[in-house]
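A short write-up of the structure that comes next.
None of these values were measured; they are calculated from a predicted model.
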Amino acid sequence: MLKGHQSWLFENKPFIRSTATVVGPFEGRGPLAKDFDIVHGESMMGQKSWEKAEKALIEEAAKLAIENAGLTKEQVQFYIGGDLMNQIISSSFAARTLSIPYIGVFGACSTSMESLALAANLVNSGSAKFVLAGTCSHDSSAEKQFRYPTEYGSQKPPTAQYTVTGAGAAIVSMEGDGPVVTSATIGRVIDMGIKDPFNMGAAMAPAAVDTIEAHVRDLGIEPGYYDLIVTGDLAKVGYEIACKLFKKHNFPIEQTEYSDCGMMIYDYETQMVQAGASGCGCSAVVTYGHLLNRMRRGELKRILVVATGALLSPISFQQGESIPCIAHAVSIEAGREIL
């Protein structure tokens, strides 16, 4: 049901029945490598282009999530997915392969939680029994589309982020024994006038803060309700701005642990990632891999995942437009027994 102005409360608490994470070799050298289901040894993954490799990532993650749920693809009613490529071709072409009724969404790097929120809403309302939610990104395909092809060898500023090569998928249902989705907050589009495509963290931070504040206001809770609040891919620059905004707004973020997926997946000491990670796959693989594994081990009981996205395109950038941003939040809890 609607809670407050922009949040959904899922009374039936649908399960995240299964997950799957697939990443590239660079992610496999990071600190979270053991939390991923499949780590590829080369970034082309046997494909003829970066875009085809990205499509292969989400296909592999989706099929594995279905398998891990003990289902066949014929039992899944809907696949909700999106990505960064023009016309979300990675997800759409994967839907062609999967042959599951498809709802394509675009929230840039916020797509992981956008798709999970919509999947939970469908299941909670009884509109579906099993829904697949997933997203993906590939560093080389994203760089080719939004900035400069990797082969060009352009130098990046310290504010730039490294796009995660990876895909994360989840099956949401009313049956299972995994974590449950309890609520979601759909973010507003926030634009602070930033135009630099090499400084996504600064552009996205205000949207993340706005959604987190809306979430606790709509649900009538304090940040301390959660063991962890994690943003999607603000990385170092955006994370620091978000912390300053919380302080400016007198928002008590110190009640809980606050972290960022873009600062977790890579090792700053050994991997040259500038400010940190980004991409649709960033919050997807960190959440569906690392964070839910921590939850299954009993280290976390309640988390709020706030995926952030920059809604620019090559065309909007070429026309001198600023970068509008959005963030979607999903509340995940360890299981119905603690509620």
Side-chain angles (χ1 to χ4, degrees), residues 3-8 80 82-84 105-121 133 135 137 161 163-164 168 181-194 199-219 221 223 226 228-246 248-249 251 253 256 258-265 275-288 291 303-312 322-332:
K3 187 72 172 176
H5 182 68
Q6 61 194 85
S7 299
W8 295 326
I80 304 176
D83 53 84
L84 294 174
V105 295
F106 179 78
C109 303
S110 72
T111 300
S112 63
M113 292 303 108
E114 180 181 19
S115 59
L116 182 59
L118 291 171
N121 205 5
T135 188
S137 56
Q161 294 168 244
T163 303
V164 167
V181 182
T182 57
S183 63
T185 298
I186 304 303
R188 302 185 300 157
V189 175
I190 304 292
D191 189 341
M192 302 303 293
I194 293 173
N199 194 1
M200 294 297 187
M204 294 187 291
V209 170
D210 186 76
T211 297
I212 292 169
E213 292 178 348
H215 179 81
V216 300
R217 181 176 62 247
D218 283 355
L219 271 69
I221 58 176
Y226 294 105
L228 172 69
I229 294 178
V230 60
T231 41
D233 49 359
L234 300 182
K236 282 184 178 180
V237 174
Y239 177 82
E240 291 175 1
I241 293 173
C243 289
K244 291 177 181 178
L245 288 173
F246 286 131
K248 180 179 179 181
H249 299 173
F251 183 84
I253 194 67
T256 186
Y258 169 47
S259 189
D260 184 80
C261 296
M263 298 169 64
M264 298 164 68
I265 191 169
S278 66
C280 290
C282 179
S283 56
V285 299
V286 173
T287 300
Y288 294 150
L291 296 181
I303 63 174
L304 183 69
V305 183
V306 189
T308 52
L311 305 177
L312 82 163
S322 56
I323 304 173
C325 297
I326 198 165
H328 300 300
V330 173
S331 174
I332 305 173

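For residues 275-284, no pair satisfies salt bridge (charged side-chain N to carboxylate O under 4.0 Å, His left out), with sequence neighbours left out. Listed by first and then second residue, the side chain to side chain donor-acceptor pair (under 3.5 Å) pairs that reach into residues 184-193 are Ser7-Thr185, Thr185-His215, Arg188-Asp210, Asp191-Ser322, sequence neighbours excluded. Sorted by first and then second residue, the side chain to side chain donor-acceptor pair (under 3.5 Å) pairs with a member in residues 107-120 read Ser112-Ser283; sequence neighbours excluded.
With a 4.5 Å cut-off on side-chain heavy atoms, Thr287 and Ile332 count as touching. Under the 4.5 Å side-chain criterion, counting only non-hydrogen atoms from C-beta, Tyr288 is not in contact with Val305. The side-chain heavy atoms of Leu228 and Leu291, taken from C-beta on, include a pair separated by under 4.5 Å. Side-chain atoms of Met113 and Val306, non-hydrogen and from C-beta on, never get closer than 4.5 Å to each other.
By the ring-ring contact (aromatic ring centres under 6.0 Å, His included) test, Tyr258 is found to be paired with Tyr239, Phe246, residues two or more places apart in sequence or in another chain being considered. Scanning for side chain to side chain contact (heavy atoms under 4.5 Å, CB included) contacts around His249 gives Val209, Glu213, Leu245, with sequence neighbours left out. Applying the side chain to side chain contact (heavy atoms under 4.5 Å, CB included) rule to Ala108 yields the partners Leu84, Phe106, Leu311; only residues at least two apart in sequence or on another chain are considered. Partners of Ser331 according to the side-chain hydrogen bond (donor to acceptor under 3.5 Å, both in side chains) rule, which considers only residues two or more places apart in sequence or in another chain, are Thr182, Tyr226. Judged as a side chain to side chain contact (heavy atoms under 4.5 Å, CB included), and not counting sequence neighbours, the contacts of Ile186 are Trp8, Ala117, His328. Partners of Val216 under the side chain to side chain contact (heavy atoms under 4.5 Å, CB included) rule, at least two apart in sequence or in another chain, are Ile221, Phe251.
Of all heavy-atom pairs spanning Val237 and Ala275, the tightest one is CG2-CB, 4.1 Å. Listed here is the closest heavy atom pair of Cys280 and Cys109: N-SG, 3.7 Å. Looking at every heavy atom in both residues, Ile326 comes nearest to Gly187 through CD1-O, 3.5 Å. Pairing each heavy atom of Ile80 with each of Ala119, the nearest pair is CD1-N, 3.6 Å. Nearest heavy atoms, Gly232 versus Cys261: O-CB, 2.9 Å. Across all non-hydrogen atoms, the minimal contact from Gly279 to Thr163 is CA-CG2, 3.9 Å.
To the nearest 0.5 Å, the span separating CD on Gln161 from NZ on Lys236 amounts to 11.5 Å. The distance from the CD1 atom of Ile229 to the CD1 atom of Ile253 is 4.0 Å, given to the nearest 0.5 Å.
With hydrogens and angles disregarded, no donor-acceptor distance shorter than 3.5 Å links the side chain of Ser259 to the backbone of Val230. Not a single donor-acceptor pair under 3.5 Å links the side chain of Asp83 to the backbone N or O of Ser137.
Using modelled atom types and a 3.5 Å distance limit, the side chains of Thr308 and Asp233 yield a donor-acceptor pair.
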Sequence neighbours excluded and cut-off under 3.5 Å, please list the side-chain donor-acceptor pairs for residues 200-208, or say none.
none

